[in-house]
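Following: one structure in structure tokens, then a few remarks.
Sequence lines set the chain letters: A, B, ... in the order given, protein chains first and strands last, and positions in each chain run from 1. Keep in mind that the numbers below use all heavy atoms, side chains included, and drop hydrogens, waters and symmetry copies.
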There are 2 protein chains.
Amino acid sequence: MKKISGKTISRALLYIRTLEALIKEKRFMVSSGELARLTGVSDVQIRKDISKFGRVGTPRIGYKTVDLKNVLEDFVLQKDAIRLAVFGVGNLGTAIMKYPGFRREKLKIVAAFDKAKEKIGRSIDGVRIYPVEKGPAVIKKRRVDLGIIAVPEECSQEVADLMVLSGLKGIINFSPVAISAPKKVAIRDIDLSIEFLSLYCETRR
Amino acid sequence: MKKISGKTISRALLYIRTLEALIKEKRFMVSSGELARLTGVSDVQIRKDISKFGRVGTPRIGYKTVDLKNVLEDFVLQKDAIRLAVFGVGNLGTAIMKYPGFRREKLKIVAAFDKAKEKIGRSIDGVRIYPVEKGPAVIKKRRVDLGIIAVPEECSQEVADLMVLSGLKGIINFSPVAISAPKKVAIRDIDLSIEFLSLYCETRR
DNA sequence: GACTGTGAATAAGTTCACAGCT
DNA sequence: AGCTGTGAACTTATTCACAGTC
């Protein structure tokens with residue numbers, strides 16, 4: 001499989017989502033220009049990205065929405081659903097569990113974990129909350145793919161260690177501290193404060 | 001003012017946060033190597049970044065934590081607090097309003113907006129919820145710097161238009177669709193599904 | 001004429017290698 | 001010796017310019 005950068009993959013996922021919306025409204029053809037308008041990515045960038053996955057468009061006409069979607073999906077997503085586990089069922093953890101966007105995409109929350117006794121055993125939208133110590137067992141049993149850190153920062157490294165121990169291959173870290181893990185484990189940091197602050201800086205230039 | 005890239009700014013904000021923690025524990029000196037360990041950024045990258053802001057370290061010794069913090073802050077953040085308004089007080093909007101990380105940083109939520117009658121007039125953590133139509137007036141009156149879109153995707157463009165109209169210079173968009181705005185308005189998209197999906201792809205390579 | 005696909009040019013970002021300081 | 005600071009090399013990402021197709 002050809003080497004494709006993370007940025008291209010992210011954009012491909014965006015194209016897939018957009019194509020799905022087009023297909024739903026029975027649109028069969030689309031041009032890179034229109035995709036550009038819908039996604040905010042430049043048309044050249046879109047053609048460059050697509051060309052990495054194969055030659056799938058027809059000059060003068062554009063792309064068949066269904067074909068393009070299939071080609072992109074073959075490269076980036078073959079699985080039925082990606083199974084997620086949330087650690088920390090506070091405000092952010094709960095919001096993630098209820099995030100409506102996941103339903104449409106192939107993302108499924110299959111377990112949640114918390115330390116607070118009063119939360120354990122309860123369910124949110126049908127997803128059971130387990131004590132953190134049950135992590136490794138539940139993660140294996142429920143075949144979790146990715147773990148989400150939504151705990152207070154004091155605990156995030158500890159939770160990350162538990163995730164690594166449980167064999168998770170990817171971690172999304174919403175806590176505002178760096179976590180360390182063996183480099184075979186992929187980590188994505190989403191640091192809300194930094195996003196806000198840097199956007200603000202951008203407005204002052 | 002010298003041109004400094006968005007990536008460098010984001011990292012500078014991370015250094016500032018880390019320096020604040022060090023200062024709080026009475027650490028007066030720090031090396032690029034230690035900052036690297038604490039932030040996850042490489043030491044060379046850190047020195048390169050810092051060098052863009054001035055010559056502030058001493059060879060053989062390292063950086064004075066307080067001085068370095070001041071130098072970085074001079075470039076990226078002079079304001080007292082950045083004032084935010086949240087549009088959409090659902091699960092995500094509420095989680096953002098309660099996000100504890102903002103308290104430490106210079107980020108302050110000063111207003112919230114929603115369409116649902118039953119939410120209007122209520123407060124969350126002392127922040128009043130207004131009807132969306134009051135947007136322009138409240139944004140001006142409360143001197144809001146940045147707007148946050150946490151509404152269902154059908155409404156996000158409409159809300160974005162309202163923000164632009166109200167004179168906001170920056171928008172953080174949590175909805176999974178592209179929004180358009182005059183290019184003088186800075187936009188940051190945070191698309192949770194794409195983050196999760198792309199992380200998953202990364203684990204499969 | 002209106003699209004795709006792509007080599008070439010350009011720009012942005014990161015790492016290397018090492019000079020220079022104390 | 002042990003650190004900073006930085007030009008140079010390298011790598012990655014984006015845009016340009018245009019050939020090719022229907």
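Taking only side-chain nitrogens and oxygens, A:R60 never comes nearer than 4.0 Å to OP1 or OP2 of D:dG20. OP1 and OP2 of C:dC3 both lie 4.0 Å or more from every side-chain N or O belonging to A:S31. Between B:T58 and C:dT22 there is no side-chain polar atom (N or O) within less than 4.0 angstrom of OP1 or OP2. Here A:S32 does not reach the OP1 or OP2 of C:dC3: none of its side-chain N or O atoms lies under 4.0 Å away.
For the pair A:R11 CZ and D:dA13 C1', the computed distance is 8 Å after rounding to whole Å. Regarding A:Q45, its CD atom lies at a distance of 10 Å from the P atom of D:dA13, rounded to whole Å. Between the NZ atom of A:K64 and the P atom of D:dC22 there is a distance of 13 Å, rounded to whole Å. The distance from atom CE of A:M29 to atom C1' of D:dC22 is 12 Å, rounded to the nearest whole Å. Atom CD1 of A:I46 and atom P of C:dG5 are 12 Å apart (whole Å). When rounded to the nearest whole Å, the span between CD1 of A:I50 and C1' of C:dG5 equals 10 Å. Protein atom CZ of A:F53 is 13 Å distant from nucleotide atom P of C:dG5, rounded to whole Å. Taking atom CD of A:E34 as the reference point, atom P of C:dT4 lies 11 Å away to the nearest angstrom.
Atom NZ of B:K52 has more than 12 heavy atoms from other residues, nucleotides or ligands within 6.0 Å. No more than 12 heavy atoms of other residues, nucleotides or ligands lie within 6.0 Å of CG in A:D80, so this atom counts as exposed by the packing criterion. Remark: B:K106 NZ is packed, more than 12 non-hydrogen atoms of other residues, nucleotides or ligands lying under 6.0 Å away.
Comparing C:dT14, D:dA13, C:dG5 by their closest approach to the side chain of A:K7 singles out D:dA13. Closest to the side chain of A:S5, out of D:dT4, D:dG20, D:dA13, is D:dA13. In the set C:dG20, D:dG20, D:dG7, the nucleotide with an atom closest to the side chain of B:K48 is D:dG7. Listed nucleotides D:dT15, C:dG5, C:dT15 differ in distance to A:S51; the shortest reach to its side chain belongs to C:dG5. Proximity note for A:V44 (side chain, C-beta onward) versus C:dT6, D:dT14, D:dG5: the nearest is C:dT6.
Applying the 3.5 Å distance criterion, the base of D:dG5 shares a donor-acceptor pair with the side chain of B:R47. Evaluation of atom-type donor-acceptor distances gives no pair under 3.5 Å for the side chain of B:K52 against the base of D:dG5.
Applying side-chain contact (heavy atoms from CB on, under 4.5 Å) to B:D49 and the options B:L72, B:I9, B:T8 leaves one that passes, B:T8.
If you check every strand for non-hydrogen atoms under 4.0 Å, A:T8 touches nothing.
When all heavy atoms of A:R27 and A:M29 are compared, the pair lying nearest together is NH2-O, 3.0 Å.
In terms of position along DNA chain D, the nucleotide closest to A:G6 lies nearer the 5' end than the nucleotide closest to the other residue of the pair A:I61 and A:G6.
Aromatic ring pairs are classed by plane angle as parallel below 30°, tilted from 30° to 60° and perpendicular above 60°; the pair A:F53 and A:F75 is perpendicular.
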